[in-house]
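Within every chain, numbering begins at 1; the chains are lettered A, B, ... in the order of the sequence lines, protein sequences first and strands thereafter. The figures here come from the full heavy-atom set of this structure, side chains too, leaving out hydrogens, waters and symmetry mates. Here the structure is a predicted model, which means the values were calculated and not measured.
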Amino acid sequence: MSPDAIDIVPLEALLERVKEKRDRGCRLVQISAARLPEGVEVTYSFDLKNRLSNVRVLLPDDGTRLPSISAIFGCAVLYENEIQDLFGVGIDGLALDFKGKFYRTTVRFPFGSTKAPAPPPAPPAATAAAGPPQNTN
Amino acid sequence: MARTVIPFGPQHPVLPEPVHLDLVIEDEKVVEARPSIGFIHRGLEKLAEKKDYNEFLFVAERICGICSAIHGQTYCQAVETLMNVSVPPRAVYLRTIWGELSRIHSHLLWLGLMADGMGFENLFMHSWRIRERVLNIIEATTGARVIFGVCKVGGVRRDIEPDAIPGILAELDSIEKDMRDVTKVFLNDKSVKARLCGVGVVSKQEAWDLGAVGPMLRASGVAQDMRTLGYAAFSDIPVVPITRTEGDCYARCAVRCEELFQSVEIIRQAFNRIPPGEIAIKVTGNPAGETITRTEQPRGEVVYHLKANGTKHLQRFRVRTPTFANLPVMLKILPGCDLADVPMIVLTIDPCISCTER
Amino acid sequence: MGYFQMSRLALKWALTKPPTSRYPFEPRKVIPGSRGRLVFTKDNCVYCTVCAKRCPTGALLVHRAEKKWAIDRLRCISCGYCVEVCPKKSLELAGDHAAPVAARAREFT
Ligand code: SF4
Ligand code: SF4
């Protein structure tokens, strides 16, 4: 598969795109993140009739948070927790948040940037408390 | 009704690997299952930054001890795509043969664990006795029993001599007969059926929505098998996915039983058609670009996402193993089942936790 | 029906010799072609350190100046990568396995 089968979308359009995939009956194959010098690149892969299609967003390192797609694809929860724990990306609206305890890594964010994770947005106070992933050991 | 929380795992007699579930129980029924994994995160993906792409093959093969052969094969396929290398056909056939042998040994291992999980020790011993014979073939052809170590970027490291083929085929015939005896028990025995039928039912739609893969998905009636993509020698050897419609533990067991014989058939065909010639080509240079490669492992579809930037280290190496995709389904079917059925349900997804966490 | 399938199987195997071997008393059968212990032949080695550099587990240690070659048996995974890269063919994987050891140590040659 060549990279041109990857659809790069702006962050705001992500949920809409994913919803569209869902409506077409796609299966979520994986979510994978990769660290680039300028930020974290998150790729969502979908499968329909054995054809793979990808949606990609780029998260700059300035503390931008990723919206969770777990309301659309329930199984995304595990992938998103993984990204949260390994990359130190904050994720909003996780259906099940392990709060950084999904993987018990010695290094806090093995793929993270050197900066600390962004503080959660203020408004929804209840979820904000669950905010940034904490991995103590 | 008072609720009780029962911890299941990380060490539990039916679990070959550590996964922890907090089961919220009401009477004898599970009402909620909260998973927690991460006991054996090894950071293999991070290691890609330290090992060059040839050495990393040995790491990729060790993601999983049971589907090692196919991990190695998928990794090589992915790197070969990046480097635009086409592998000699003989090597492709050899990879297919070893991949299917590993599928047989993995399914037999699982059948044994399953029998052990339901307390059928005798059946467990028999499954593993047959598995041992498969491992002997594997050791004689690859030099190792579970971590084959025969794939390399550009081909394979070893050849199977033409003189050895009739012996292997004869051994396979006899193994097939043995497997018939054992699978007959799995499929027809009254006590096995009583334990598995109607337990942990997943509907077709649910399985698809939750992203299930492999035998889990096929047992619910979705004919999806990555081998139909035609990678390796599957472009010449057609594979018809084996499906069941019940979607319960019994169906998943039956799918795996039938896949044993399908794999034997594939190996026979591959030996029939294997072309002579080179087994490897020399690969020079470094990979660059990006690829997502999917293959079918004994447990289901595995996804390799590789990014390379022209240096000898991969920029990003990411694997999504089949168990990772099957966990959400497991969590979905646990609520509502009997506490006594939990081990069966956990086992039928064929959990391979180490590769889930990598 | 169901019950007798297992009984038949069980009976058959109750009357046959066990397929397992009595391991410590009976040595394990060596399967030809198996990748086992790494064997080093001192004679043609030129101490180029290629094997030590390539070994994925870091099991090998080669001193070019002192002409020393060492292996940590517990680290070696018998992958055969060093055998492949050695320019002088002084490494080889034997079919048998190294004797069990209790502690990690480098064997110098
Ligand atoms: S690669 Fe071969 S010749 Fe070079 S040091 Fe190792 S054993 Fe000796
Ligand atoms: S066989 Fe593999 S692990 Fe052992 S010394 Fe050689 S390269 Fe290292």
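- Counted within 6.0 Å of CD on B:E278, heavy atoms from surrounding residues, nucleotides or ligands total 12 or fewer; the atom is thus considered open.
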Please list, one pair per line, the donor and acceptor atoms closer than 3.5 Å that link side chains of residues 87-94 of chain C to other protein atoms, with sequence neighbours excluded.
none

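- In this structure, the ring of B:Y304 has its center less than 6.0 angstrom from the ring center of B:F317.
- Residue contact with chain C, scored on non-hydrogen atoms closer than 4.5 Å, is absent for B:R133.
- A salt bridge does not link B:E139 with C:R35: every distance from a Lys NZ or Arg NE/NH1/NH2 to an Asp or Glu carboxylate oxygen is 4.0 Å or more.
- Of the atoms belonging to C:P19, it is side-chain heavy atoms, and not backbone ones, that fall under 4.5 Å from chain B.
- Heavy-atom distances place both the backbone and the side chain of B:L123 under 4.5 Å from chain C.
- Within residues 73-86 of chain C, the residues approaching chain B closer than 4.5 Å by heavy atoms are, in numerical order, C:I77, C:C79, C:Y81, C:E84.
- Neither the backbone nor the side chain of B:F56 comes within less than 4.5 Å of any heavy atom in chain C.
- Between chain C and the residues B:E132, B:E61, B:R62, the most heavy-atom pairs under 4.5 angstrom are made by B:R62.
- The pair B:E246-B:R252 does not meet the salt-bridge criterion, since no charged nitrogen lies less than 4.0 angstrom from a carboxylate oxygen.
- For B:F148, the part lying near chain C is the backbone, with the side chain staying farther off; criterion is any non-hydrogen pair under 4.5 Å.
- Between the side chain of B:R95 and the backbone N or O of B:G155 there is at least one donor-acceptor pair closer than 3.5 Å.
- Using cut-offs of 30° and 60° on the angle between ring planes, the pair C:F40 and C:W69 is parallel.
- For the pair B:E258 and B:R180, the salt-bridge criterion is not met [side-chain N within less than 4.0 Å of a carboxylate O].
- Checking side-chain atoms of B:Y75 against main-chain N and O of B:Y53 turns up a donor-acceptor pair under 3.5 Å.
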